[in-house]
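All chains are named by letter (A, B, ...) in the order of the sequence lines, taking the proteins before the strands, and each is independently numbered beginning at 1.
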Protein chains: 2
Amino acid sequence: METVSTAKAFGGTQGVYRHASEATGTDMTFSVYVPPHAEGAKLPVVWYLSGLTCTHANVTDKGEYRRACAKLGLIFVAPDTSPRGVGVADDPAGAWDFGLGAGFYVDATEPPFAAHYRMWRYVTEELPALIAAQFPADMARQSIMGHSMGGHGALTMGLTFPDTYTAVSAFAPIVAPGQVPWGEKALGGYLGRDRAAWRKHDAVALIEDGARVPALLVDQGDADSFLADQLKPELLAAACETAGIPLTLRMQPGYDHSYSFISTFMADHLSWHAERLG
Amino acid sequence: METVSTAKAFGGTQGVYRHASEATGTDMTFSVYVPPHAEGAKLPVVWYLSGLTCTHANVTDKGEYRRACAKLGLIFVAPDTSPRGVGVADDPAGAWDFGLGAGFYVDATEPPFAAHYRMWRYVTEELPALIAAQFPADMARQSIMGHSMGGHGALTMGLTFPDTYTAVSAFAPIVAPGQVPWGEKALGGYLGRDRAAWRKHDAVALIEDGARVPALLVDQGDADSFLADQLKPELLAAACETAGIPLTLRMQPGYDHSYSFISTFMADHLSWHAERLG
């Protein structure tokens, strides 16, 4: 692991790091904030998965999570959203909603994407092992959150590994990729035309198929331009209602899809995670 | 005035705006955060002046001021750091410490810079008039802060107009441009070789020449790579000591020159301003 940069912030250390990933077969860059802590302490880890077009840098620059993480004693990890580099396939037309910056947190099975797009394994296996080895992390206390495509990633990972992620929340998540244009394009492109294979990467389908978590927190701006066509939080609400999963879905009046929205509610989410992480 | 973008944040509105500036003879872009407020209320205005290479966007993205401004009821205005556009002269060698992004908050008298580099008049006259006209601003309650070159701007404007700016603070400011390489290059380039003309754009010289403010707050990281050669807070401390100006100079261990440092102490500065703005 190579250190790209570090800086003291809110008494802790904001770092950016790079490593050669076995999962993706590329170099991967990620950021980690370690709050001030006692020598030898092991701290809970909050995973933050970013949305379409983002790298680790968007939330690192604009997420405003450090004050709350410093106060609550949380490590905050922000991975990239796709493999990148020479030989990594992109959207054939260069669109921003597929390929680079749009890995959708799946392990692709379709060529040419299967060669590098293995973000599921990267985020749930390889990067946690690296975090455990390199940072003062208590891997028995992890939680996960994300935005938009990253909200999709957080929900699907949280529902798949409820024993790993003690708390799961999202900002404006894609809750049912199998039922919206972004998700149909991505899951079709990465996983192929058989929609049965998509269900384990679709939060609503996972819940319909029996996945359970103790609770979910979702914030959604009602001025979000993607709300009606791509996000559809009502589908998550209906699935949770049927399954008996306590969902706190907060429709936030006037907020859009940007980091102005995310940063406003970031401290709320971190407090909610910290309560559950103990 | 043209609205470039607006987004709801922390209950208020973060906007970016553009207008044709008479002072600089160019279009100028700036950002304004207006906190939540009662209909018809007039709010105090905090000016934030940015450092070398920055535009309004750096602090808008990374400054983490909105939570505190929302809580304290402060409007936060971030201008650009120089004129920009076709026909605006730049450093002859394209250096980052002079010309574009490096206006040093003076009205240039030297050709070719005198044609557009009029940031003193822009920040102290033209933009305040626009803010007064377009936003719910109480211009009887203004304060000013800045970072590095912008700390220089905040200190010199605050010392020159103590009746306008009720509070003055800075992050890692250039306190004596007449005595350091960045300042000698900039003041020489914009104002000419006569060092007497530089003194009204040098905080330490202004204090030596009789300028007074009720108090100053300065934070400075001790891991700032520019500390010894360009910033020299000890010169400000000595001048304030001699003049009887109460200076709170906080050397912050381990902090560098970046927004990791600024964002950590931003809320402290805003609280200090709010106390003085009433």
Side-chain angles (χ1 to χ4, degrees), chain A residues 4-16 31-36 54-55 57-71 76 171-172 219-227 250-271, chain B residues 4-16 31-36 54-55 57-71 76 171-172 219-227 250-271:
Chain A
V4 176
S5 68
T6 62
K8 189 169 178 180
F10 293 95
T13 301
Q14 179 63 62
V16 176
S31 81
V32 180
Y33 178 68
V34 177
C54 290
T55 68
N58 302 67
V59 72
T60 307
D61 287 351
K62 303 182 188 178
E64 303 196 22
Y65 55 82
R66 281 169 288 264
R67 177 179 297 277
C69 285
K71 181 181 159 204
F76 189 98
F171 305 97
D219 275 308
Q220 172 64 58
D222 76 0
D224 185 326
S225 58
F226 302 115
L227 175 56
R250 309 192 303 188
M251 295 302 296
Q252 300 290 2
Y255 286 90
D256 67 14
H257 199 65
S258 75
Y259 273 92
S260 293
F261 159 65
I262 299 166
S263 61
T264 298
F265 299 104
M266 178 62 84
D268 280 6
H269 282 239
L270 290 168
S271 293
Chain B
V4 177
S5 67
T6 62
K8 189 168 178 181
F10 292 96
T13 302
Q14 178 63 62
V16 177
S31 81
V32 180
Y33 179 69
V34 177
C54 290
T55 68
N58 302 68
V59 72
T60 307
D61 287 351
K62 302 182 189 178
E64 303 195 22
Y65 54 81
R66 281 169 288 264
R67 177 179 297 277
C69 285
K71 181 181 160 202
F76 189 98
F171 305 96
D219 275 307
Q220 173 64 59
D222 76 0
D224 185 326
S225 57
F226 302 114
L227 175 56
R250 309 192 303 187
M251 295 303 295
Q252 300 290 3
Y255 286 90
D256 66 14
H257 200 65
S258 74
Y259 273 90
S260 291
F261 160 64
I262 298 166
S263 61
T264 298
F265 300 104
M266 177 62 83
D268 279 6
H269 282 240
L270 290 168
S271 293

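Residues A:Glu64 and B:Arg66 form a side-chain contact, since some pair of their non-hydrogen atoms from C-beta on lies under 4.5 Å apart.
Among residues 260-267 of chain B, the residues having any heavy atom closer than 4.5 Å to a heavy atom of chain A are, in sequence order, B:Ser260, B:Phe261, B:Ser263, B:Thr264, B:Ala267.
With a 4.5 angstrom heavy-atom cutoff, B:Asp256 touches chain A only via side-chain atoms.
Listed here is the closest heavy atom pair of A:Tyr255 and B:Phe10: OH-N, 3.6 Å.
Between chain A and the residues B:Gly221, B:Ala223, B:Gly254, the most heavy-atom pairs under 4.5 angstrom are made by B:Gly254.
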